[in-house]
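See below for the structure under consideration.
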Amino acid sequence: MRKSLSKPGPLESFDERDSVFTRARLKPGTARHDEHYARHPEHFSADLRSRKLPHLASPGGQRYEVEAALLIQSQFAASDLIADAVEGSEFASAVGLPEGLAHGAGGPGAAHVLEDSSPAGLTLFAKNAAMFLGADDVGVAPLDPAHVYSHRGRPKEKHGHVPDLKHSHAIVLVFAMRHAYVASGPEMISTAEVARVYQQAAAACFALADSLRRLGHSARAHVDSNYLVVCPPLAVDAGLGELGRHGILIHPRLGSGVRLGVVTVDAPLVVDQPGSWGIAEFCKTCKKCAKLCPAGAIPDGEPSLLRGAEKWPLSPERCYHYWRTQGTDCGICMRVCPFTKHDTALHRIVRRTIAATPIFNRAFLWMDDLFYGRHREPKKVTGLGG
Ligand code: SF4
Ligand code: SF4
């Protein structure tokens, strides 16, 4: 087994109030705003600079295109409807779920019973359902409490709440973005593809959680703008890939161009094991995303320990500021990643070789430059926060 990033621990939960997305919504002059910068004065100047820029997918961003902006906003609006429904019992009562099955309650009163309701039978149902609902891969991990937010940042009415999530397992769903759109980052249409896949993930996770509740289990979908958990480390625990230098999951078959959805459930399930595909080791040689990130947000050095786990320390402030200048969510690091390739026989051979030995890594990088272009370094943006 090849070495991947280690987790010497103790792992610490992330506070979602500290994420750049939550901070971007803080309104100057409010108690919430003042409380945050009293806790984190180091965030103040970077956030102030970003807040002055146009919102994502809005007129004024350098990559603004009206058609793509409409697609982005309308798809996120659809995701938000789902995100609202995972939180409350309104949906459950609207569709007539028995009392006790609303909002992840589960328990007695189950409407259905599986023929094989053993852990293996339930796991098989959950995985088949995830694939039927459009996932490209799925895995199961024990729910490590360290991957649950210490405090919530979103939605705004839940800001500061401490999640009360007692579920035992996480079912992690992987959704692939279409290559043509990944390849167009940082143009706005690539963000429209991100929004499309988030919407697909939200609908699939919502339906999966609902079906588990109908079997009598407490379950919750975690979807864009309404997560209680941090998805990438759960995906690693569920054997779905490794974290790359750019801080996102690299799936061994689908590469970097993926989005995640999670359903947590309180039920015995058969878990998958984390794996190693030589990805983190390849990242140590590659550094392509670090060289080509226009914001200088990705380090080109060694990984370091962050909240008990080894990872590359990114600058979310620099990344997010660049997003706001462009009006898109950039995605250059995903686009240039050598793992973001179609699943052809040739690419499978390369990936298997990378998984087996690092000795050809430099040669593969050279070939990536030769066949796919060196990806001329974009102009660095100045005046960034972080
Ligand atoms: S600015 Fe772009 S390339 Fe850099 S980390 Fe953010 S998304 Fe990736
Ligand atoms: S571009 Fe290279 S260094 Fe960056 S995540 Fe992909 S493989 Fe790793």
Side-chain angles (χ1 to χ4, degrees), residues 2 4-5 19-21 24 46 50 53 56 61-63 177 181-188 190-191 193-194 232 236 241-259 276-303 310-341 347 350-351 353-355 358 360-369 372-386:
R2 302 284 308 288
S4 47
L5 297 175
S19 97
V20 284
F21 303 112
S50 289
L53 294 167
L56 302 184
Q62 289 179 25
R63 310 263 173 188
M177 293 168 60
Y181 296 109
V182 175
S184 68
E187 296 305 329
M188 191 161 268
S190 71
T191 307
E193 174 69 358
V194 171
V236 171
E242 295 181 50
L243 284 188
R245 179 183 287 278
H246 51 10
I248 54 181
L249 184 82
I250 301 182
H251 184 279
R253 173 171 54 87
L254 303 166
S256 290
V258 295
R259 299 284 145 171
S276 175
W277 296 267
I279 293 171
E281 211 162 329
F282 188 86
C283 283
K284 289 183 182 168
T285 308
C286 171
K287 306 184 180 180
K288 216 166 192 176
C289 54
K291 277 189 212 128
L292 297 170
C293 170
I298 304 175
D300 65 0
E302 290 295 303
E310 229 187 348
K311 56 183 73 157
W312 280 277
L314 306 181
S315 168
E317 289 80 14
R318 285 176 171 270
C319 173
Y320 185 69
H321 187 98
Y322 183 71
W323 289 19
R324 293 282 289 255
T325 64
Q326 304 303 299
T328 78
D329 64 8
C330 176
I332 290 173
C333 48
M334 258 191 320
R335 163 167 69 83
V336 303
C337 180
F339 287 100
T340 304
K341 296 286 187 299
H347 293 139
V350 172
R351 287 172 187 151
T353 310
I354 289 171
F360 300 108
N361 284 356
R362 283 192 188 282
F364 289 143
L365 267 173
W366 178 81
M367 284 162 60
D368 194 69
D369 284 347
Y372 297 98
R374 191 177 275 278
H375 304 292
R376 195 167 56 82
E377 292 199 26
K379 194 168 174 289
K380 299 278 181 197
V381 173
T382 55
L384 298 178

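All heavy atoms count here, side chains included; hydrogens, waters and symmetry mates do not. Just so you know, ligand 1 is whichever comes first in the structure, and atom 1 is the first atom listed for that ligand.
Those atoms of ligand 2 that come under 4.0 Å of a heavy atom in K287, given as number and element, are 3 (S). Distances below 4.0 Å separate heavy atoms of C330 from the following atoms of ligand 1: 1 (S), 2 (Fe), 3 (S), 7 (S). Numbered from 1 in the order shown, with element, the atoms of ligand 2 that lie under 4.0 Å from a heavy atom of P338 read 1 (S), 2 (Fe), 6 (Fe), 7 (S). In summary, the atoms of ligand 2 found under 4.0 Å from a heavy atom of H246, numbered by their order in the structure, are 5 (S). Close contacts between ligand 2 and F339 involve ligand atoms 7 (S) [criterion: under 4.0 Å to a heavy atom]. Taking every heavy atom of C286 and a limit of under 4.0 angstrom, the matching atoms of ligand 2 come to 1 (S), 2 (Fe), 3 (S), 7 (S). Those atoms of ligand 1 that come under 4.0 Å of a heavy atom in G331, given as number and element, are 7 (S). The distance from ligand 1 to the heavy atoms of C333 drops below 4.0 Å at these ligand atoms: 3 (S), 7 (S), 8 (Fe). If you number the atoms of ligand 2 from 1 as listed, the ones under 4.0 Å from a heavy atom of I250 come out as 5 (S). Within the listing of ligand 2, atoms 1 (S), 3 (S), 4 (Fe), 5 (S) sit less than 4.0 angstrom from a heavy atom of C289. Of all atoms in ligand 2, listed by their number and element, those nearer than 4.0 Å to a heavy atom of C283 are 3 (S), 5 (S), 7 (S), 8 (Fe).
Shortest contact from atom 6 (Fe) of ligand 2 to any protein heavy atom: C337 SG, 2.4 Å. Scanning the protein heavy atoms around atom 4 (Fe) of ligand 1, the nearest turns out to be C293 SG, 2.3 Å.
Remark: side-chain polar atoms of T328 are paired, donor with acceptor, to backbone N or O of P186 under 3.5 angstrom. In terms of modelled atom types and a separation under 3.5 Å, the side chain of R324 and the main chain of L53 share a donor-acceptor contact. Side chain of T191 to main chain of D329: a donor-acceptor pair is present (N/O by atom type, distance under 3.5 Å, no hydrogens or angles). A donor-acceptor pair is defined here as one N or O able to donate and one able to accept, closer than 3.5 Å; no such pair exists between the side chain of S184 and the backbone of E187.
The shortest heavy-atom distance from W323 to ligand 1 is under 4.0 Å.
For the residue pair I298 and H246, the shortest heavy atom distance occurs at CD1-CB, 3.9 Å. Minimum heavy-atom separation, P338 to L365: CG-CD2, 4.2 Å. Scanning all heavy atoms of the two residues, the minimum distance from A24 to Y320 falls at CB-OH, 3.3 Å.
Separation of the F282 and F364 ring centroids does not fall under the 6.0 Å cut-off.
Looking at I279 against ligand 2, nothing comes within 4.0 Å, counting heavy atoms. Residue contacts with ligand 1, taken as heavy atom pairs separated by less than 4.0 Å, involve I298 solely via side-chain atoms from C-beta onward.
With rounding to the nearest 0.5 angstrom, the CD1 atom of I279 is 12.0 Å from the SG atom of C286.
Donor-acceptor pairing under 3.5 Å is lacking for the side chains of R318 and Y322.
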Fill in: side-chain contact (heavy atoms from CB on, under 4.5 Å) assessment of I354 paired with W277
CA-CA 7 Å; I354 289 171; W277 296 267; over 6 Å; no
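One of the N, O or S atoms belonging to C319 lies under 2.8 Å away from atom 6 (Fe) of ligand 1.
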